[in-house]
Amino acid sequence: MKMTEAPGVNFIQEAVREDLAAGRYTKVITRFPPEPNGYLHIGHAKAICIDFGIAEEFGGLCNLRFDDTNPTKEEQHYIDAIQDGVRWLGFDWGDRLYYASDYFAQMYEWAIQLIRDGKAYVDDQTADEIRENRGTLTEPGKPSPYRDRGVEENLDLFERMQAGEFPNGSRVLRARIDMASPNLNMRDPVMYRILAVPHHRTGDRWKIYPMYDWAHGLEDSIERVSHSLCSIEFQDHRPLYDWFLEQLGIFHPRQIEFARLELEHTVLSKRKLIQLVSGNYVGGWDDPRLPTLAGLRRRGYTPASIRNFCDRIGVSKAHSVVEFALLEHCLRDDLNKTAPRTMAVMRPLKLVLTNYPEGKVEELEADVNPEDPSAGRRKIPFSRELWIEQDDFREDPPKKFYRLSPGREVRLKYAYYITCNEVVKDPGTGEVTELRCMYDPETRGGWVPGGRKVKGTSHWVSAAHAARAEFRLYDRLFTRPNPDEDGQFLSNLNPQSLEKISGFIEAGLAGAPAGARYQFERLGYFCVDPDSSPEAMAFNRSVSLKDTWARIESNLKL
RNA sequence: UGGGGCGUCGUCAAGCGGUAAGACACAGGUCUUUGGAACCUGCAUUCGGAGGUUCGAAUCCUCCCGCCCCAGCCA
């Protein structure tokens with residue numbers, strides 16, 4: 001890594017810095033405010049990194065606040081899962097765990113204040129009427145017939161809304177702002193709706209629930225949040241956010257918006273993710289092909305790699321779609337330094353060393369991680385019959401193919417030089433079923449005293465010692481970079497996004513705990529899936545190693 | 001066509017009037033018991049377009065073009 005990288009100050013850091021310098025705020029408080037109605041995904045990870053990152057950078061604090069203002073969609077188990085996800089990502093909110101629902105009483109008081117000031121009114125129009133009278137993008141809205149109701153009547157009606165006297169949806173409380181505003185959000189937005197349904201935290205205490213625009217700024221204000229960071233679609237809501245705070249004359253946080261993350265070949269909208277899960281297009285919220293935190297975690301992504309990714313994509317207001325390759329790079333970068341190496345064969349081809357004594361077993365030594373000498377060495381059993389990768393042999397090798405072929409000598413990693421003498425085929429299909437080779441006893445460990453070089457090195461496992469294992473190979477979930485480009489994202493699913501194959505692992509790996517990560521040499525990074533057992537190990541391929549040969553070969557074909 | 005926002009390399013993204021950072025990707029090379037990693041080299045005479053201001057413009061002004069968001073009693 002070069003040290004020429006600029007300090008990198010994004011526009012939010014700049015704004016916070018200025019606010020502090022100007023004395024507008026004395027302490028930086030941010031918040032991550034998920035609604036507990038779904039699972040966290042990598043887009044949330046970006047927001048989490050920004051929210052907690054800004055707080056930390058300026059010596060402040062970040063609140064974890066559940067924005068639980070809509071009991072029809074929210075559930076306790078989402079609250080648990082979200083906390084688990086934030087913690088896993090590596091962030092700590094300490095004792096700053098808050099709920100919007102804890103502020104409902106205060107919000108109610110403030111609503112009464114606005115009614116008294118003539119700045120809010122109860123509207124008896126139906127939802128359809130409200131929509132029709134809101135006007136359009138080019139035409140102003142029409143005032144509600146109830147807009148000029150007297151203060152006492154509004155007060156009475158509002159109290160009775162909360163008392164449960166009216167059916168759901170029959171009335172709303174609206175802010176009295178400007179029905180002709182070019183910003184639709186300012187055309188007398190709804191503050192409360194009647195929703196006599198039990199809330200997962202407040203039970204049946206409330207018959208009315210606050211809307212986002214009314215509630216969010218108040219929540220921020222109550223918590224003395226200095227900088228309320230959110231995504232770009234809330235820009236149009238900022239005038240309203242500010243309006244409520246001004247009318248109430250309470251502590252006024254600053255809302256700053258940034259572009260949300262989009263990733264190629266996947267979807268990050270709650271709605272689409274739900275469709276994938278409930279339609280059984282994937283195995284669940286933690287399907288390793290999903291960009292959910294649970295999915296990435298099961299796939300083998302490390303928290304550090306995701307944080308690093310969020311760091312590298314930067315923060316701006318420009319609509320951006322990041323290539324998947326960057327996320328993969330961040331994972332490889334992390335795992336290369338930390339993952340223990342081991343050998344596994346995904347697509348086995350039998351190899352017999354004809355001059356190696358039958359029944360003999362040697363213990364050979366190998367690095368656990370060549371990038372990290374402190375990781376030590378490990379022992380691997382070697383014997384006469386081995387499994388190697390089918391891809392490592394070509395009967396008729398193309399140009400630049402350095403691996404094994406008839407008459408050619410290659411190295412078995414950490415073991416011996418071998419030469420292929422005979423190719424055994426299935427007489428029926430012509431398929432290569434076995435390679436018969438000779439090893440050079442002088443090359444033990446994979447070195448040759450004189451310096452005779454060999455161009456290829458293959459990984460292998462001893463047939464007598466290896467354990468069977470399942471490998472789950474994942475590919476992009478969608479074939480198109482922008483899956484919903486045609487509005488038909490479900491029809492753009494990649495039918496080859498999951499391939500399960502059976503191969504061999506070093507025996508010592510059986511029994512490795514779920515979540516354990518390894519590099520299978522020359523193949524990629526894998527992690528133990530939770531549905532493994534010592535007798536039936538299953539490994540998820542987190543990401544492959546870069547494959548130069550595959551690139552050369554595909555360039556040759558072009 | 002109302003309002004808001006955004007347009008700098010294939011993808012992100014610095015740049016804040018003084019003569020286009022960096023990362024990923026890609027291409028070539030060195031090295032190598034992972035065709036991995038590491039290392040080296042190359043990769044925007046140009047910043048959506050056109051005018052203008054200026055000794056000097058990606059940065060300032062004007063007009064134009066394109067993309068995104070907003071008409072939930074969702075957040």
Side-chain angles (χ1 to χ4, degrees), chain A residues 1-2 4-10 14 33-35 37 67 69-70 72-73 123 125-127 130-132 134-141 168-174 181-187 189-195 208-209 211-213 215-216 230 232-239 257 259 264 270 312-330 332-333 336-337 341 343 366-367 370-371 400-403 411-415 417 445-447 454-459 481 519-524 544-552 555:
Chain A
M1 198 59 51
K2 282 196 204 139
T4 51
E5 284 179 53
V9 173
N10 64 49
E14 213 167 312
E35 182 187 15
N37 72 342
D67 205 2
T69 58
N70 185 353
T72 63
K73 295 186 174 176
D123 195 344
Q125 292 183 107
T126 64
I130 287 179
R131 188 185 338 107
E132 279 159 28
R134 184 153 29 225
T136 67
L137 295 179
T138 51
E139 302 158 28
N168 287 353
S170 58
R171 278 176 238 259
V172 294
L173 182 71
R174 287 232 256 172
S181 172
N183 180 346
L184 300 252
N185 296 121
M186 300 299 273
R187 321 245 261 224
V190 172
M191 294 164 62
Y192 279 98
R193 73 281 215 187
I194 302 173
L195 223 52
I208 59 174
Y209 290 93
M211 299 286 292
Y212 170 87
D213 285 312
H216 205 84
C230 61
I232 213 99
E233 64 270 28
F234 290 104
Q235 259 171 154
D236 291 341
H237 297 245
R238 190 175 354 117
E257 312 85 11
E264 285 188 349
K270 239 175 233 181
R312 290 186 184 224
I313 57 176
V315 181
S316 77
K317 300 184 76 155
H319 173 98
S320 60
V321 185
V322 179
E323 288 177 342
F324 219 94
L326 182 59
L327 217 207
E328 295 185 327
H329 166 81
C330 290
R332 289 192 188 103
D333 194 44
N336 176 47
K337 296 173 207 138
R341 274 93 287 193
M343 291 196 282
D367 290 322
E371 300 293 313
K400 294 196 177 174
F401 183 86
Y402 303 150
R403 279 112 96 145
R411 168 170 41 231
L412 291 178
K413 188 152 185 173
Y414 298 123
Y417 280 19
W447 293 104
V454 99
K455 289 202 99 170
T457 299
S458 286
H459 57 279
Q519 183 197 99
F520 289 164
E521 298 217 37
R522 301 207 311 132
L523 295 177
S544 67
L545 249 30
K546 283 194 155 180
D547 190 344
T548 303
W549 164 243
R551 215 172 57 224
I552 291 170
N555 284 348

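In what follows, every chain begins at residue 1, and chains take the letters A, B, ... in the order their sequences are listed. The structure presented is a predicted model; accordingly, all values stated were derived computationally and were not measured.
- Among residues two or more places apart in sequence or in another chain, the side chain to side chain contact (heavy atoms under 4.5 Å, CB included) test is passed with A:Ala366 by A:Arg378, A:Ile380, A:Tyr414.
- As rounded to the nearest Å, B:rA50 and B:rU45 have P atoms that lie 14 Å from one another.
- In this structure, A:Val454 reaches neither bases nor backbone, as no heavy-atom distance under 4.0 Å exists between it and the strands shown.
- Spacing of C1' atoms, B:rG10 relative to B:rC43, comes out at 11 Å, to the nearest Å.
- Once rounded to the nearest 0.5 Å, the distance linking NE2 of A:His216 with NE2 of A:His237 reads 11.5 Å.
- A:Glu14 comes within contact range of at least one nucleobase, with a heavy-atom separation under 4.0 Å.
- Among the heavy atoms of the strands lying under 4.0 Å from A:Lys413 is at least one base atom, whether or not backbone atoms are also near.
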Enumerate all atom pairs, one protein N or O and one N or O from nucleotides 69-71 of chain B, separated by less than 3.5 Å.
{"from": "B:rA71", "atom 1": "O2'", "to": "A:Arg134", "atom 2": "NE", "distance (Å)": "3.4"}

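- When distances run from any side-chain atom of A:Glu371 to the nucleotides B:rG36, B:rG5, B:rC68, the shortest one goes to B:rG36.
- Comparing B:rA58 with B:rU8, their P atoms are spaced 15 Å from each other, to the whole Å.
- Here the NZ atom belonging to A:Lys317 is positioned 4.0 Å from the CD atom belonging to A:Gln235, to the nearest 0.5 angstrom.
- Within 4.0 Å (heavy atoms only), A:Pro370 reaches at least one base atom of the nucleic acid.
- If you take atom P in B:rG2 and the same atom in B:rC64, they sit 12 Å apart, rounded to whole Å.
- One cannot find a donor-acceptor pair under 3.5 Å joining the base of B:rC6 and the side-chain atoms of A:Gln235.
- Ion pairing between A:Lys73 and A:Glu35 fails under the 4.0 Å rule for side-chain N and carboxylate O.
- Nucleotides B:rC47 and B:rC16 are separated by 15 Å at their C1' atoms, to the nearest Å.
- Side-chain atoms of A:Gln519 come within donor-acceptor range of the base of B:rU34, with a qualifying N/O pair under 3.5 Å.
- A distance of 3.5 Å separates OG1 in A:Thr457 from CZ in A:Arg411, rounded to the nearest 0.5 Å.
- Counting non-hydrogen atoms under 4.0 angstrom, A:Ile194 reaches nothing in the nucleic acid.
- Residue A:Asn70 is in sugar-phosphate contact alone, with no base atom involved, counting any heavy-atom pair closer than 4.0 Å across all strands shown.
- Base pairing annotation: B:rG42 forms a Watson-Crick or G-U wobble pair with B:rC26, both donor-acceptor distances under 3.5 Å.
- For B:rU62, the paired base is B:rA50 (Watson-Crick or G-U wobble, both distances below 3.5 Å).
- Looking at the side chain of A:Leu326, the nearest of the listed nucleotides B:rA23, B:rG35, B:rA14 is B:rA23.
- The distance between atom CD of A:Glu521 and atom C1' of B:rG36, rounded to the nearest whole Å, is 9 Å.
- When the P atom is used for both B:rU19 and B:rA13, the distance is 24 Å, rounded to whole Å.
- Distances were taken from every side-chain heavy atom of A:Glu323 (C-beta onward) to each of B:rG35, B:rC6, B:rC24; the shortest belongs to B:rC24.
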